[in-house]
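Index from 1, following the sequence.
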Amino acid sequence: MARSHLTLAALATSAVPGLDLVKAASFGTGAHNDYDSALLTDREGKHWIARMPRNARAEAEQSADLTALRALSAGVRTRLPFAVSTFAGETRVKVSPTSSDPRTSTRAMVYEFVYGSKVRLADLDVTHAASIGRAIAAIHSLPTSFVTDAGLPVLTPLECRRSCITVLDRAAGTGLVPGALLSRWEGATEESKLWQFQPTVVNGALNANSILIADGAVTGVLGWQELHVGDPARDLFWLLGTRGEQVAEAGFDAYNDIRGSADRQVRQRSMLYAELEIAKWLLHGTDSRSNEIIDDAVEMLNRLLDNVQNNVMNPIGPATMPTMAVDEVEEMLARSERAV
């Protein structure tokens with residue numbers, strides 16, 4: 001049962017002792033309508049967000065996000081050119097279990113509000129992309145020690161490579177992926193130079209909905225539930241979905257201006273990850289036995305094949321640049337965000 005913004009306001013006062021609220025309003029629902037959320041204003045004019053997960057999956061995501069936020073200490077945050085959510089308090093809430101959601105309780109959490117607006121992927125311009133590139137570079141420049149100290153995952157290049165191979169093998173097992181695409185992806189996973197990179201701190205869940213912008217610059221980054229040390233390309237591949245080649249270029253150029261040229265293949269791996277999102281969408285369809293999703297994924301794979309031609313003429317490797325049309329990437333990323 002959905003909680004109203006007034007109910008969330010009452011829960012917030014229980015979660016944060018001394019919180020004196022004067023206003024409450026509904027505030028979106030998050031991806032997949034997974035949360036009840038409210039924007040709260042206290043007597044001093046400060047804003048807060050109260051949020052409660054609607055299902056077990058969202059609750060697990062919220063818990064992982066909280067673990068990451070606690071790992072992002074005040075000292076670590078001073079290295080970032082944007083704001084990150086600050087946890088303020090929580091309170092336990094009883095829920096009525098159902099056949100699809102056996103939970104008997106959950107947690108309503110309160111965070112300090114992060115200012116800025118979300119910009120649709122299709123509406124990002126060169127200025128936005130450059131600021132996003134710099135913001136991602138700042139994340140990747142953080143010391144990895146705070147991630148390891150928090151017990152969060154640390155992935156080697158070999159493990160990142162193996163995760164791609166696992167997706168590839170599972171997708172191949174469906175018999176629905178064109179052979180030329182399988183060859184293209186296999187060639188990328190077998191190209192040793194592609195995987196010669198230094199693992200960095202990675203947000204892991206970045207997309208256009210993660211980014212808050214004001215006056216053309218990134219002011220905040222949301223959603224840290226997949227924080228880990230791993231392949232920096234995981235945070236960059238979605239930029240390939242921006243409308244117009246020059247927009248994606250601005251993002252990668254700004255990123256490379258800060259990070260340097262040590263990882264020369266980051267864009268090639270980004271393209272591989274982007275293309276494998278379609279394979280993940282296909283696997284989501286087969287796992288959920290949804291013919292609609294399967295048909296959609298197969299159509300996207302065929303269109304991808306038309307764009308990239310074939311593995312011989314256009315492999316994902318050190319000597320080539322990706323040629324997948326940005327409009328196609330944009331559509332693919334928008335759809336694949338629904339996969340779980």
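- The pair R267-E249 counts as a salt bridge, with a side-chain nitrogen and a carboxylate oxygen less than 4.0 angstrom apart.
- Heavy-atom minimum distance, F252 versus L240: CE1-CD2, 3.8 Å.
- Between E226 and R234 there is no salt bridge, since none of the side-chain N atoms of the basic residue sits less than 4.0 Å from a carboxylate O of the acidic one.
- The minimum heavy-atom distance linking P53 with Y35 is given by the pair CA-CD2, 3.6 Å.
- The closest side-chain heavy-atom distance from L227 to N203 is not below 4.5 Å.
- Smallest separation of non-hydrogen atoms from A180 and L305: CB-CD1, 3.6 Å.
- Looking at L80 and L142, their side chains come closer than 4.5 Å, going by heavy atoms from C-beta outward.
- Taken to the nearest 0.5 Å, the CG atom of D20 stands 11.5 Å off from the OG1 atom of T41.
- The only option from R57, Q62, R54 that meets the side chain to side chain donor-acceptor pair (under 3.5 Å) definition with D34 turns out to be R57.
- Counting heavy atoms from C-beta on, the side chains of P81 and V218 never come closer than 4.5 Å.
- For the pair F237 and L272, the minimum side-chain heavy-atom distance is 4.5 Å or more.
- Side-chain contact between N307 and E275 is absent, with no heavy-atom pair separated by less than 4.5 Å.
- Side-chain contact between F87 and Y111 is present, with at least one heavy-atom pair separated by less than 4.5 Å.
- When all heavy atoms of E90 and R107 are compared, the closest pair comes out as OE2-CD, 2.8 Å.
- The distance from atom CG of L301 to atom CD1 of I278, rounded to the nearest 0.5 Å, is 5.5 Å.
- Rounded to the nearest 0.5 angstrom, K118 NZ and N209 CG are separated by 5.0 Å.
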Give the C-alpha distance, both sets of side-chain angles, the deciding distance and a yes or no for side-chain hydrogen bond (donor to acceptor under 3.5 Å, both in side chains) between R77 and T86. CA-CA 10 Å; R77 294 176 187 228; T86 299; 3.3 Å; yes

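- In terms of heavy-atom proximity, H5 sits nearest to S26 at ND1-OG, 3.5 Å.
- Using cut-offs of 30° and 60° for the angle between ring planes, the Y115 and F113 rings count as perpendicular.
- Residues I211 and F82 fail the side-chain proximity criterion, which asks for heavy atoms closer than 4.5 Å.
- Contact record, V114 with A83: CG1-CB, 3.9 Å, taken as the closest heavy-atom pair.
- Salt bridge absent: E159 and R162 never bring a charged side-chain N and a carboxylate O closer than 4.0 Å.
- Side chains of D125 and H128: a donor on one and an acceptor on the other come within 3.5 Å.
- If you run side chain to side chain donor-acceptor pair (under 3.5 Å) between D263 and each of R269, Q198, H140, only R269 comes through.
- Under the 4.5 Å side-chain criterion, counting only non-hydrogen atoms from C-beta, S63 is not in contact with L66.
- For the atom pair OG of S183 and CG of L168, the computed distance is 9.5 Å after rounding to the nearest 0.5 Å.
- L155 and V202 fall into different hydrophobic clusters, where Ile, Leu, Val, Met, Phe, Trp and Tyr side chains are chained together by heavy-atom contacts under 4.5 Å.
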